[in-house]
There are 2 protein chains.
Amino acid sequence: MFIQLDLESAEPIYIQLQHQIIEGIAKKKLQPGDPLPSVRSLAADIGINLHTVNKAYQYLKQEGFILIHRQKGVVINPDGFPKADEAYKKQLKSSLHPLISNAISRGLGEDDFLRICSDIFNKFKVEGENG
Amino acid sequence: MFIQLDLESAEPIYIQLQHQIIEGIAKKKLQPGDPLPSVRSLAADIGINLHTVNKAYQYLKQEGFILIHRQKGVVINPDGFPKADEAYKKQLKSSLHPLISNAISRGLGEDDFLRICSDIFNKFKVEGENG
DNA sequence: CTAACTGTTATAATATATATATAACAGTTA
DNA sequence: TAACTGTTATATATATATTATAACAGTTAG
């Protein structure tokens, strides 16, 4: 797997795991139907406990990014991904709000902020083409 | 004060406090030189412990948003605010990255994402005019 | 059938983060 | 002197994060 964790980070491991897998989906390294490692093998692979992996999987399952079949194991949701509904947008705004407060306070203008966002979007586009 | 806390939120109180004060700066409700309540009075005002307030103040002091004079008390930094330097931009990108991964995975396009950011920026502009 | 795997659940232990309570210290101010 | 300031220290309670083991029910490969 392509999972890269920072065990020194203040960000909990299971959160980092969620991010990495969603990032894999965004970059199309992980496509609908693709299998994911079992909780035990992924845990052993990256040197953490299986419960930490399971915690990340449970969130991704609840959000609809992955499916967990008792027999077939864990797969990227073959029926597509959760939609950007109003509940999601509301939560996104809540996350963006303090970031934008901070940016404004530091004198970072709207244009600069949007440019930074665009740059990140573009990075996903080019990386998504290669794989 | 205009501080509004959500004690039910998973977000730690001292983080919410940081956000609220930075938001006050962004909205120009708090301007350079303006005094802030003492740790004890603010804590009593919003019904929390003085150490929780102090934790938020210490962060804001370290970042340069406020000054703490042993005698003059706490004031919004009269000499301006921290700059949007490269270290800050790097940290901002780290915060935005997982948000954008998630957005892309859910099919929220760049235009929609940027529009949401713009809307938030505009809210600060109009609120900043009134006070 | 057995052995090895699957996700799931349970229990326990440990470490860290968060929040509160209380107290004291050194300094300033009314 | 009394009341305030930020700061520091100690203790406690709670929640979260992480690991360690173990077991269960089901599936699958040999």
Side-chain angles (χ1 to χ4, degrees), chain A residues 1 3-22 30 33-79 95 98, chain B residues 1 3-21 30 33-78 95 98:
Chain A
M1 289 280 292
I3 303 294
Q4 291 292 343
L5 298 182
D6 178 9
L7 300 182
E8 309 297 320
S9 168
E11 192 115 47
I13 300 176
Y14 75 97
I15 299 283
Q16 293 186 47
L17 255 178
Q18 295 169 11
H19 288 169
Q20 294 270 315
I21 291 175
I22 294 176
L30 296 176
D34 283 356
L36 282 179
S38 73
V39 289
R40 284 179 178 84
S41 69
L42 181 54
D45 191 17
I46 56 187
I48 63 176
N49 192 273
L50 90 171
H51 292 106
T52 308
V53 177
N54 190 249
K55 199 168 180 177
Y57 275 11
Q58 287 301 319
Y59 167 81
L60 294 168
K61 168 188 172 187
Q62 178 194 319
E63 291 293 307
F65 287 107
I66 66 178
L67 292 186
I68 304 181
H69 288 88
R70 192 88 192 196
Q71 55 272 46
K72 300 178 188 172
V74 186
V75 295
I76 303 295
N77 195 335
D79 305 322
S95 300
Chain B
M1 288 280 292
I3 303 293
Q4 291 292 343
L5 298 182
D6 177 10
L7 299 181
E8 308 296 322
S9 168
E11 193 114 46
I13 299 175
Y14 76 97
I15 298 283
Q16 293 185 47
L17 255 179
Q18 294 169 12
H19 288 169
Q20 295 270 315
I21 292 175
L30 296 176
D34 283 356
L36 281 180
S38 74
V39 291
R40 284 181 178 82
S41 68
L42 181 54
D45 192 15
I46 56 187
I48 63 176
N49 192 272
L50 90 171
H51 291 106
T52 307
V53 176
N54 190 249
K55 198 168 180 178
Y57 275 11
Q58 287 302 319
Y59 167 81
L60 295 168
K61 168 189 173 187
Q62 179 193 320
E63 291 292 309
F65 287 107
I66 67 178
L67 291 185
I68 303 181
H69 289 89
R70 192 88 192 197
Q71 55 273 44
K72 301 177 188 172
V74 185
V75 295
I76 303 295
N77 195 335
S95 300

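So that the names make sense, note that chain A is the first sequence line, chain B the second, and so on, each numbered from 1.
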Could you work out, with side chain to side chain contact (heavy atoms under 4.5 Å, CB included) as the rule, every residue matching A:D34, not counting sequence neighbours? A:Q31, A:I76

Side chains of A:F65 and A:I21: closer than 4.5 Å at any heavy-atom pair? no

Any side-chain heavy atom of A:V74 sitting closer than 4.5 Å to one from A:L67? no

Just grab all the salt bridge (Lys or Arg N to Asp or Glu O under 4.0 Å) pairs involving residues 37-47 of chain B, residues at least two apart or on different chains. none

Residue pairs meeting side chain to side chain donor-acceptor pair (under 3.5 Å), one or both in residues 54-66 of chain A, sequence neighbours left out, come to A:E63-B:R106

Does a side-chain N or O from B:Y14 land closer than 4.0 Å to OP1 or OP2 of C:dT18, or not? yes

Each base of DNA chain D marked ( ) or [ ] if paired in-strand (Watson-Crick or G-U under 3.5 Å), | if paired to another strand and . if unpaired gives ||||.|||||||||||||||||||.|||||

List in chain and number order the residues that pass side chain to side chain contact (heavy atoms under 4.5 Å, CB included) with B:T52, two or more places apart in sequence or in another chain; answer none if no residue qualifies. B:I13, B:Y14, B:I48, B:N49

B:N54 atom CG is separated from C:dA19 atom P, nearest whole Å, by 14 Å

What is the distance from CG of A:L67 to C1' of C:dT8, rounded to the nearest Å? 17 Å

Scan nucleotides 21-30 of chain D nucleotide by nucleotide, 5' to 3', and note B when protein non-hydrogen atoms come under 4.0 Å of the base, S if they reach only the sugar-phosphate, - if neither. B-B-B-S---

Whole angstrom is fine here: how far is it from CG in A:L5 over to P in D:dA17? 15 Å

Rounded to whole Å, please give me the gap between CG in A:L42 and C1' in C:dT8. 17 Å

Is the shortest side-chain heavy-atom distance between A:V75 and A:N77 below 4.5 Å? no

Look at the side-chain N and O atoms of A:T52 and state whether any lies under 4.0 Å from the OP1 or OP2 oxygen of D:dA17. no

Residues forming a side-chain hydrogen bond (donor to acceptor under 3.5 Å, both in side chains) with B:S95, sequence neighbours excluded: none

Within residues 4-16 of chain A or reaching into it, pairs that qualify as salt bridge (Lys or Arg N to Asp or Glu O under 4.0 Å) - sequence neighbours excluded: none

Between P on C:dT20 and CD1 on B:I46, what's the gap in Å once rounded to a whole number? 9 Å

Residues passing the side-chain hydrogen bond (donor to acceptor under 3.5 Å, both in side chains) test with B:S9, sequence neighbours excluded, are none

Separation of B:I13 atom CD1 from C:dA21 atom P, in whole Å? 11 Å

Whole angstroms only, please: what is the CD-P distance between A:E8 and C:dT16? 12 Å

Student check: side-chain heavy atoms of A:H19 and A:I22 closer than 4.5 Å: no

Spacing between B:I48 atom CD1 and C:dA19 atom C1', to the nearest angstrom: 9 Å

For DNA chain C, find the residues of residues 55-66 of chain B with a heavy-atom distance under 4.0 Å and give them by number; none if there aren't any. B:K55

